[in-house]
Amino acid sequence: MRLLASRMAVMTGEGALSVYARAKELEREGRSIIHLELGEPDFHPSASVNDALKRAVDDGKDRYCAVAGVLPLREAIASYLHDTRNLEVTADNLVIAPGCKIALFMAMMALIDPGDEVLYPDPGFPGYSSITLGLGGVPVPFELSERNYFQPDPEQIAAKISPRTKILIANSPGNPTGTVYTDKVQRRLADLAVKHDLLVLSDEIYARVIYGGQYVSLMHYPGMEERTLIIDGFSKSFAMTGWRLGYTVAPPRIVPALNMLAVNSYTCVAEFSQYAAIEALKDREGTTPRMVHEFTKRREQFIRDLNRVPGFRCSPPDGAFYAWVNISDTGMGAEELCRILLEEAGVAAIPGAAFGDAGTDFIRFSFASSTATLQGAVERILRVSTSWQGTVATR
Ligand SMILES: Cc1ncc(COP(=O)(O)O)c(C=O)c1O
């Protein structure tokens, strides 16, 4: 008997989660590990969010509820997107999901037929190619290159569009590079999407974590409202990773398909956490700006310190909370370097190839940890850097 469906042979895991598993194993052996592998803010929701959760449970909001998500939450998200992104969407455009990844998965399941081509950023979130493959689609990477400041190159993307291209995935600010797409790039992407009648999956999970400027959604550009699906949620912007709360903003012609998939899978998202999420959106204590302010300080310090490590080179990201470090000057491969960092220095980081072929010469650190932890990590890295110092290429 063939046990597993063939899609299981083409889907891939996530580098962050496998590094995390090995780091945990080392910790069980008594080793001290600094975890910079997971993209998880070291903040927690404010007291008012926790109170709202308790209140919702006490009020009996622990039943099956609306498949698309409870109306007050969908209304609150619509108004939040108006206030923070100047978007004109309504509750009817929204489907709540248990996490952004499920929102992404469902959106892709609703749209991709076998053979459909999906353009996605490389380096990029591993799910983009894995889910595409699992659905029988064809992932077509477009490169975010260092010499282009990790911005998508619309000309390169245009050259990759074929009659089978159905979806363009955008991720600004991006994981792992932290790039916030420029207005010029977004305008060109929107032009391409309209010209070739593409759907756009705009993964905006880091939209609130930017270091200056006003965030502009791809949905905002001419002709994009009817072809853009925004994926967003509470994991990063509200430091609620474990709450598993995400959502899709979709054009009316697509919403019923997302609801159909919800009916056939998760039914609805926990009612009490949806009510608590409404409180998170109000952000009465200013949790999100405070967190971003703190990340701003860490970003400056950590990027400066990492650049002191022989053979490391990185620029401050425009958004998200990752340092994306070019390590080619160390003369070592990223896998081997990350192995040394974890096994010898006790610092967990991810080899860049986990984010695609264009990430081969890079490693990713999350700087969503305290300043002292980040300083400690760099000290440890400097100590083991003796093993590659002799081979550092001159810049
Ligand atoms: C770009 C991007 N999209 C989606 C996700 C998934 O988010 P969630 O934890 O809400 O499922 C992540 C998580 O790291 C991410 O970086």
Side-chain angles (χ1 to χ4, degrees), residues 12-20 35-45 69 77 94-109 118 120-132 139 141 144 150 152 167-181 200-210 215 217-218 229-249 262 265-266 269-270 273-274 277 280-281 288 295 317-324 348-350 352 354-356 359 364-368:
T12 51
E14 271 188 41
L17 297 175
S18 43
V19 172
Y20 179 72
H35 288 276
L36 304 185
E37 73 279 42
L38 293 186
E40 177 156 74
D42 59 331
F43 283 72
H44 291 275
I77 293 172
L94 278 145
V95 181
I96 313 295
C100 293
K101 210 188 283 182
I102 286 286
L104 183 71
F105 193 100
M106 295 305 178
M108 293 174 78
M109 192 171 208
V118 177
Y120 72 99
D122 175 7
F125 185 60
Y128 303 147
S129 56
S130 178
I131 300 169
T132 302
L144 307 179
F150 304 110
I167 298 173
L168 169 66
I169 299 182
N171 177 213
S172 169
N175 175 8
T177 62
T179 315
V180 175
Y181 298 1
V200 172
L201 273 181
S202 184
D203 184 342
E204 304 187 2
I205 186 171
Y206 297 99
R208 295 293 302 284
V209 188
I210 55 172
Y215 185 77
S217 168
L218 253 179
L229 288 83
I230 294 176
I231 307 292
D232 199 351
F234 295 80
S235 300
K236 317 288 179 175
S237 298
F238 296 96
M240 291 167 72
T241 47
W243 289 57
R244 311 310 302 135
L245 273 170
Y247 53 85
T248 305
V249 186
S265 53
Y266 58 85
V269 170
S273 51
Q274 292 192 55
L281 291 172
T288 301
F295 287 166
D318 307 321
F321 37 71
Y322 304 112
W324 183 240
I350 309 176
F355 299 94
R364 191 197 83 171
F365 297 93
S366 162
F367 57 81

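Counting starts at 1 for both ligands and their atoms, in listed order.
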Subject >> Sole residue of Tyr20, Phe365, Phe367 in ring pair (Phe, Tyr, Trp, His ring centres under 6.0 Å) with His35 >> reply: Tyr20
Original post:
Nearest protein heavy atom to atom 12 (C) of ligand 1, by residue and atom, and its distance?
Top reply: Phe125 CE1, 3.5 Å
**OP:** Return yes when Asn171 approaches ligand 1 closer than 4.0 angstrom through a heavy atom, no otherwise.
**Re:** yes
Subject >> Protein heavy atom at shortest distance from atom 16 (O) of ligand 1 >> reply: Tyr206 OH, 2.7 Å
**OP:** Please answer whether the main-chain N or O of Asp203 pairs with a side-chain N or O of Asn171 as donor and acceptor at a distance below 3.5 Å.
**Re:** yes
**OP:** For Pro126, enumerate each residue passing the side-chain contact (heavy atoms from CB on, under 4.5 Å) test, keeping only those at least two apart in sequence or located in another chain.
**Re:** Glu14, Phe355
Original post:
If only atom types and distance count, is the side chain of Thr179 paired as donor or acceptor with the main-chain N or O of Phe150 below 3.5 Å?
Top reply: yes
Subject >> Which residue and heavy atom of the protein sit nearest atom 9 (O) of ligand 1, plus the separation >> reply: Arg244 NH1, 3.1 Å
Original post:
Identify the closest protein heavy atom to atom 14 (O) of ligand 1: which residue and atom is it, and at what distance?
Top reply: Lys236 NZ, 2.7 Å
Original post:
Are the aromatic rings of Phe125 and Tyr120 close, with centres under 6.0 Å apart?
Top reply: no
Original post:
What is the closest protein heavy atom to atom 7 (O) of ligand 1, and at what distance does it sit?
Top reply: Ile205 CD1, 3.2 Å
Subject >> Nearest-0.5 Å distance that lies between atom CD in Glu40 and atom OG1 in Thr241 >> reply: 3.5 Å
Subject >> All pairs passing salt bridge (Lys or Arg N to Asp or Glu O under 4.0 Å) where residues 231-243 contributes a residue, at least two apart >> reply: Arg85-Asp232
**OP:** Could you tell me whether Tyr128 approaches ligand 1 through its side chain, its backbone, both or neither, with non-hydrogen atoms closer than 4.0 Å?
**Re:** side chain
Original post:
Would you say Leu104 contacts ligand 1, with heavy atoms under 4.0 Å as the rule?
Top reply: no
**OP:** List the closest protein heavy-atom neighbour of atom 3 (N) of ligand 1: residue, atom name, distance to the nearest 0.1 Å.
**Re:** Asp203 OD2, 2.6 Å
Original post:
Quick one: does ligand 1 sit under 4.0 Å from the side chain of Ser235, the backbone, both or neither, non-hydrogen atoms only?
Top reply: side chain
